[in-house]
Structure formats: structure tokens, C-alpha cells
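So the structure is just underneath, and the comments pick up after that.
Counting starts at 1 for both ligands and their atoms, following the listed order.
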Amino acid sequence: MGASDIIRIKPKKSLGQNFLIDNNIARKIARDLHLSKDDVVLEIGAGRGALTKELIGHVRHILIVEIDYRLIEQLQQQFSSPSVTILHQDFLEIELADVQKRYKTKLRIVGNIPYHLTSPIIFKVFEEHSSVYDLTIMVQREVAQRIAAQPGTKEYGILSVFAWFYGVPRILFHVSPNCFFPKPKVTSTVMRILLHSTLPRTTDEALFRTIVRTVFGKRRKTLRNSLKYLSINGKIIEQAAASNSSLLDKRPEQLTVEQFIYLTREIGKILP
Ligand code: SAM
């Protein structure tokens, strides 16, 4: 396959293919990763390798996960090295724990990801957080702002609560549509979520996630009303919030992550 074939591969909208064509941006992402020779990087959707080529040689191993078979052969030719593994797979189906065990280190996950998969990718990483060190991704600017949002703002929602529960999100820089081919309609943002090495031990993660999803599903209601959708009786809710009953008068966007953790613990103690 020659250079002309690379150009001939028609970007697929269904796979979110907006390829980075500005090398400065790829270099900036690589620089902000502060890579170490011991790192094992998993790159989601390497595409034509714009970011990959800035990472190679700086880390112990790179795993490239690319779903489009048309790009695989090209990536194999470009990055043939014992320190690179190319997987023709859907990232959402990768068992991160298996990869972590194989390399005996937490993964550094990076990617200029397809925007329609932003939430599934982030939620997957949170569910498998114990295998991941950090996640550095290019997303739509508005989504980055929602992920990093603080309580009391209109951007604050499920993504923000999860992001602050599992780690520390940080916006790095914005990227103009002109840096991609084809040009997306939106501005992009590179952001990083550094995952906590341990979570608060007494939190039931599944219950925490259910509570957060349930109350944000009824965003306009106070917690006293939205928590009823958990199918637990009102008395249990009042009992759980007994030492902080004013919490129940609040709407979900007014609660900090610590307050969600508190509620989860108290409800967890009472639930049969
Ligand atoms: N990283 C390249 C760049 O910066 O130019 C490509 C970025 S493009 C926005 C997203 C890439 O993710 C595409 O190459 C696409 O084929 C790939 N992709 C889409 N869905 C995927 C999935 N579920 N798993 C792995 N890769 C996927």
C-alpha cells in the first residue's frame, strides 16, 4: 500500500473519522502526556497514525485499537515494531483488566476519539478504573466543559459527577475544526482525567451510579421526589438523610460528589 492509497481511504462518518492533519496539535498532546519509558499506552482509534507517531519510541509499549480494517494494514506498515501491538477491535469490547495484567501496569489511555462514542468510552473507563492510570482524549468542547463542570452550573450532570468521583478532570486546550480532515462542525478540546488510585472504600459503586443516574434523570425535581424513582420507600429516604435532611430539598445539580457519596452510604446502610 502506498501513500496514494492512504489518501484514497474515504473517511467514514459512521466511525467518527475526522483525522488530525495538524502535526503541532499531535505534538502538543504528546507533550502534555509527560510520557515515561515505563508507560504502557493504549490508543483508541489510531486512524492514520497522526498521534501514534508522536508517542512511539517514548514508552515501553503502545497498543493501538482501531476498528476500521482499511486502516489496519497501513498502521501495520507504518508502525511495525516489537513495542507496538495493533488490534483490529472495538475499544468498547477490550477487557482492560487483561491488558493491565499482561503488562503489569496501569494503562495510559489516549485518543482522538469518535465523538458519538464519548460517553460509552468514558463510562467504560470508569467502570474499569482500577486498570487505568489516566485518560487523555479529544472531545467536543461542550462535552469537555460538562465533564469538568462544578456543582451549581448548568453543565454539571452525570458525566461531571462520575468524572469527579473517579478522578480529577482537567481541560488542556481547544482545537480548531481546521486541524482536521474532514472538518468537523464543532470545536474540539483535549482533556485529561487522572483517575484516583483508590476510591472511598465505603462506597457501593453500583448504588452510587444508580443514584446519580436516577436523580439526574429527574433533574427538575428535588431529591426528596427524584429518589423515589429508585423504588425505595419515602421513609427510607428520610431516614437515610436524617442527619442532613436539607439535602433532600436540593436538586441534583446542587450536590457535590461528597454529598452523593454521603447519600449512597446512608441509603446503602438502610437498604435490605
Ligand atoms: N487518531 C486519529 C487522528 O487523530 O487522526 C483518528 C481520529 S478519528 C476522530 C477516530 C478513529 O477512531 C477513527 O480512525 C475510527 O476508525 C476509530 N474508531 C471508531 N470507532 C471505534 C471503536 N469503537 N474502537 C476503536 N476505534 C474506533
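Each of the atoms 8 (S), 9 (C), 10 (C) of ligand 1 lies under 4.0 Å from some heavy atom of Gly16. Near Phe19, the atoms of ligand 1 lying under 4.0 angstrom from a non-hydrogen atom of the residue are 5 (O), 6 (C), 14 (O). Applying the 4.0 Å criterion to heavy atoms of Asn18 picks out, from ligand 1, the atoms 7 (C), 8 (S), 9 (C). Shown in contact with Gln89 at under 4.0 Å from a heavy atom are these atoms of ligand 1, numbered in order with element: 24 (N), 25 (C). Interface atoms of ligand 1 facing Asp68, defined by a heavy-atom separation under 4.0 Å, are 16 (O). Taking every non-hydrogen atom of Val65 and a distance limit under 4.0 Å, the qualifying atoms of ligand 1 come out as 25 (C), 26 (N). Residue contact check: Asp90 has heavy atoms under 4.0 Å from atoms 22 (C), 23 (N), 24 (N) of ligand 1.
In the displayed structure, Lys221 atom NZ is contacted under 6.0 Å by at most 12 heavy atoms of other residues, nucleotides or ligands.
Ion pair Lys124/Glu127 not flagged as a salt bridge, since none of the NZ, NE, NH1 or NH2 atoms sits closer than 4.0 Å to an Asp/Glu carboxylate oxygen. Using a cut-off of 4.0 Å between Lys/Arg side-chain N and Asp/Glu carboxylate O, Arg108 and Asp134 are scored as salt-bridged. A salt bridge links Arg209 to Glu205: at least one charged side-chain nitrogen sits closer than 4.0 Å to a carboxylate oxygen.
Scanning the protein heavy atoms around atom 27 (C) of ligand 1, the nearest turns out to be Ile67 CG2, 3.5 Å. Among protein heavy atoms, atom 24 (N) of ligand 1 sits closest to Phe91 N, 3.0 Å. Remark: minimum distance from atom 16 (O) of ligand 1 to any protein heavy atom is reached at Glu66 OE2, 2.6 Å. Nearest protein neighbour of atom 5 (O) of ligand 1, counting heavy atoms only, is Leu20 N, 2.8 Å. When hydrogens are left out, the protein atom nearest atom 12 (O) of ligand 1 is Gly45 CA, 3.2 Å; that is the closest non-hydrogen contact. Ranking protein heavy atoms by distance to atom 3 (C) of ligand 1, first place goes to Asn112 ND2, 3.4 Å.
In this structure, the side chains of Leu42 and Tyr103 stay at 4.5 Å or more apart for every pair of heavy atoms.
Side-chain contact annotation: Thr105 with Tyr133, donor-acceptor N/O pair under 3.5 Å absent. Donor-acceptor pairing under 3.5 Å is recorded for the side chains of His174 and Thr189. Checked by atom type, the side-chain pair Lys183/Asn18 shows no donor-acceptor distance below 3.5 Å.
Polar contact with ligand 1: absent for Leu51 (N/O pair, distance under 3.5 Å). The N/O atoms of Gln17, backbone and side chain alike, include one that comes under 3.5 Å of an N/O atom in ligand 1.
Within the 4.0 Å heavy-atom shell around ligand 1 one finds Leu71. A heavy-atom separation below 4.0 Å is found between Glu43 and ligand 1.
At a 4.0 Å heavy-atom cut-off, ligand 1 touches Ala46 through the backbone alone. Residue contacts with ligand 1, taken as heavy atom pairs separated by less than 4.0 Å, involve Leu117 solely via side-chain atoms from C-beta onward.
One distance of note links CD1 of Ile29 with CD of Glu54; it measures 9.5 Å at 0.5 Å rounding. Separation of atoms NZ (Lys250) and OG1 (Thr222) is listed at 12.0 Å; rounding is to 0.5 Å. In this structure, the separation between CD1 on Ile147 and CD1 on Ile137 is 5.5 Å, given to the nearest 0.5 Å. Here the CD-CZ distance, from Glu253 to Arg220, works out to 5.5 Å after rounding to the nearest 0.5 Å.
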